[in-house]
A.B. asks: 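Structure below; questions to follow.
Note on naming: letters A, B, ... go to the chains in the order of the sequence lines (proteins, then strands), and numbering restarts at 1 for each one.
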There are 2 protein chains.
Amino acid sequence: MATRLSDVAARAGVSVKTVSNVINDYPHITAHTRAKVEAAIADLDYRPNVSARSLRKGRSDFIALAIPEMASAYFAELGAAFSRAAKRRGITVLIEQTEGEPAAEQMVLDGMRGQLIDGIVFSPITSSQAKISAAVGSGKPIVLLGERTTGGTFDHVAVDSVQAAYDATTHLVSLGRRRIAAIGVGGGGASGTGAVRRRGYRKALKAAGLPHDPALELAGTGYHRLDGAASMRALLELPEPPDAVFCFNDLLALGALRTLADAGLSVPDDVAVVGFDDIEDGRYHSPSLTTISADKDWLADQTVALLLERIAGSGEAARRNLTVPYTLEIRESTAG
Amino acid sequence: MATRLSDVAARAGVSVKTVSNVINDYPHITAHTRAKVEAAIADLDYRPNVSARSLRKGRSDFIALAIPEMASAYFAELGAAFSRAAKRRGITVLIEQTEGEPAAEQMVLDGMRGQLIDGIVFSPITSSQAKISAAVGSGKPIVLLGERTTGGTFDHVAVDSVQAAYDATTHLVSLGRRRIAAIGVGGGGASGTGAVRRRGYRKALKAAGLPHDPALELAGTGYHRLDGAASMRALLELPEPPDAVFCFNDLLALGALRTLADAGLSVPDDVAVVGFDDIEDGRYHSPSLTTISADKDWLADQTVALLLERIAGSGEAARRNLTVPYTLEIRESTAG
DNA sequence: CTGAAAGCGCTTACAG
DNA sequence: CTGAAAGCGCTTACAG
């Protein structure tokens, strides 16, 4: 029914091999032949069947990006960046929402899409490295996103969260703040975002000679606005509330800002606030949000490049860790 | 290399047909046979090759969702809803970012993914209905999202924007506002969001016996926070600034709120603000944003259902228009 | 239920 | 460059 390669060949008066050569940009084709084939393709409105190509070649030029949720600003922006990065390289990214559910993450690891995808970029929440190692049944290359846990056996791309958290906290110290709270110390699941960023936070306090008060470390249940708002409320009820808060992502910070606004407190005068992620909402919020800004386009581009390298087959090469560059963006929430 | 259907058949001691029957849940298989086959599948860690299946069946169980940008909150939330709706029906959605570029939209229409996808949900920006009609070369079913332009020949899912805009404006009228501005009248490209919502806006003014002041209709260049902020600044410079603003999406409204905050004006006392889309940022903003809230899950679910119906082949059935239910969510930006 | 076989539309050695 | 053919891994009539 649909026009096939052989139809094009017939119309152009060449062999299927020649048509295939033209489509795949192989050399040794005269301009004349190429023109004939291209005319036939245009005439017949022919488009190659990617299922057939993929079946034959064992490659689909599809990669999967498995993230917890795509509606959440950070991951939405990340997904967009991956989508663009993949397109630049002529491949397509398939976005999988795991919703942080173990079953969905397991499906990803089980090599979902039965051979359709060439490789996976995976941002795990509930799956530990060990679980991932055990479960990679697909044999497909996989690159992990997110906090780097020790002893990982996979390629990995991440921000140096300890250093970034250190920088964020030190910035608050430099403003003269002395009771600096942390929100989100329990979050991030097995990927350990909470634990890793807390390490940097504590390190900065110690370096500044500030006491470490466990009452100022809030775990919360998630990494969304509601969690940040609730944690901030809890902090305000303390006998000695904080004069600054480092939130482990921007959504937590935006929630905290909401609580502070409702309480009639001034930011940054009463409480300074720093986030992490640099999502668009924070940039335009009033007050705008000081935050750790990792380069999402760099991240996406390098990750795709690394994955494609693995797909191409440098399987023997050693595991690679990429560290994403970041900056501390100082805005109104810490700088009046 | 990878285990094949025939490997499973060999191990289970049955025919490939039987294995295929088990995998595809066909009837007439004894529990005993099924158990044998499933054991073999588990033993061999077999997963069907979807390229082969897709090539053979002419169906992939993939649909595409083509949207202007996935990082923008509304579309991110919509993408997430489609992703869930598709998963519930056992299919996968491939999200394409057109970035509102004609070339990218054309690629979508050209039946991108060469036969891989079974159908398309398309939210056009630059492509007119006529262009779409002319370009649907893929022969794949297509469902359009967004404002309904007259004379469309495609299945279409949309909010009744005229009525929603009417409701939003009437709500501002009911608060006693008399100089009600509109931001975003020029947006939405060929899909006509700006024009359609302006119709409802004007209708409401007329119904309320209010004069229609062209100076209060702001076009702007896009539908983002920056555009809303700029338009609001222009409105505040008017000799008679407005006492209320209806923004044609939430991002515009959030930008407008930022300008109002910077200007030291009180919302809603000085200026009441209404948005459109009900994105999460608006719900948690301070003040929280009154907005038109369409049911995104309903939209996604019904759209996927309609598309699957078309794919299944009820081609002769008449074109369908689905109207997405919505509510006006009254929050702080209009109700102090 | 089984078994043998065709065919979906490509790519790719192979012989020329 | 061409032409004829095999084969990627499925599904699906077909005959039993």
A.B. asks: Can you name the salt bridge (Lys or Arg N to Asp or Glu O under 4.0 Å) partners of Asp295(A), sequence neighbours left out?
C.D. replies: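 Partners of Asp295(A) under the salt bridge (Lys or Arg N to Asp or Glu O under 4.0 Å) test: none.
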
A.B. asks: Does a side chain donor of either Ser54(B) or Ser51(A) reach within less than 3.5 Å of an acceptor in the other side chain?
C.D. replies: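 Ser54(B) vs Ser51(A): donor-acceptor pair found between side chains.
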
A.B. asks: Taking only residues two or more places apart in sequence, or in another chain, which ones meet Ala85(B) in a side-chain contact (heavy atoms from CB on, under 4.5 Å)?
C.D. replies: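 Residues passing side-chain contact (heavy atoms from CB on, under 4.5 Å) with Ala85(B): Arg88(B), Ala300(B), Asp301(B), Val304(B).
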
A.B. asks: Run through DNA chain D and report every stem of 3 or more consecutive Watson-Crick or G-U pairs, distances under 3.5 Å, ordered by first number.
C.D. replies: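 Detected stem regions: C:1-3 with D:14-16, C:5-12 with D:5-12, C:14-16 with D:1-3.
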
A.B. asks: Which whole number of Å gives the distance between the P atom of dA13(D) and that of dG9(D)?
C.D. replies: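 Each nucleotide's P atom is 23 Å from the other's.
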
A.B. asks: For Lys57(B), check side-chain contact (heavy atoms from CB on, under 4.5 Å) against everything at least two apart and list the hits.
C.D. replies: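 Per chain and number, Lys57(B) pairs via side-chain contact (heavy atoms from CB on, under 4.5 Å) with Arg53(B).
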
A.B. asks: Taking the C1' atom in each of dG16(D) and dT12(D), what is the distance between them to the nearest angstrom?
C.D. replies: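 Approximately 16 Å lies between the C1' atom of dG16(D) and that of dT12(D).
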
A.B. asks: Asp7(A) CG to dC8(C) P: how many Å, rounded?
C.D. replies: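 The answer, rounded to whole Å, is 11 Å.
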
A.B. asks: Distance-only check: which donor-acceptor pairs under 3.5 Å involve side-chain atoms of residues 71-82 of chain A, not counting sequence neighbours?
C.D. replies:
| from | atom 1 | to | atom 2 | distance (Å) |
| --- | --- | --- | --- | --- |
| Glu77(A) | OE1 | Lys296(A) | NZ | 3.1 |
| Glu77(A) | OE2 | Glu280(A) | N | 2.9 |

A.B. asks: Using the test side-chain contact (heavy atoms from CB on, under 4.5 Å), find all partners of Asp43(A) that sit at least two apart in sequence or belong to another chain.
C.D. replies: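 side-chain contact (heavy atoms from CB on, under 4.5 Å) list for Asp43(A), sorted by chain: Arg11(A).
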
A.B. asks: Enumerate the salt bridge (charged side-chain N to carboxylate O under 4.0 Å, His left out) contacts for residues 116-125 of chain B, please, sequence neighbours excluded, ordered by first and then second residue.
C.D. replies: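 Qualifying pairs: Arg59(B)-Asp118(B).
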
A.B. asks: Rounding to an integer number of Å, can you tell me how far Arg47(A) CZ sits from dC8(C) P?
C.D. replies: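 Distance, rounded to whole Å: 20 Å.
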
A.B. asks: Between atom CZ in Arg59(B) and atom C1' in dG9(D), what is the gap in whole Å?
C.D. replies: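 Going from CZ in Arg59(B) over to C1' in dG9(D) covers 19 Å.
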
A.B. asks: How would you list, by chain and number, every residue that makes a side chain to side chain donor-acceptor pair (under 3.5 Å) with Gln302(B), sequence neighbours excluded?
C.D. replies: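 Here no residue qualifies.
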
A.B. asks: Using a 4.0 Å heavy-atom cut-off to protein, can you give one letter per nucleotide of nucleotides 11-16 of chain C, 5' to 3': B if the base is in contact, S if only the sugar-phosphate is, - if neither?
C.D. replies: BBB---

A.B. asks: When all nucleic acid strands are considered with a 4.0 Å heavy-atom cut-off, which category describes Thr33(B): base, sugar-phosphate, or nothing?
C.D. replies: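 Sugar-phosphate only.
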
A.B. asks: Rounded to the Å, how far apart are Asn49(B) CG and dG7(D) P?
C.D. replies: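 It is 17 Å, rounded to the nearest whole Å.
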
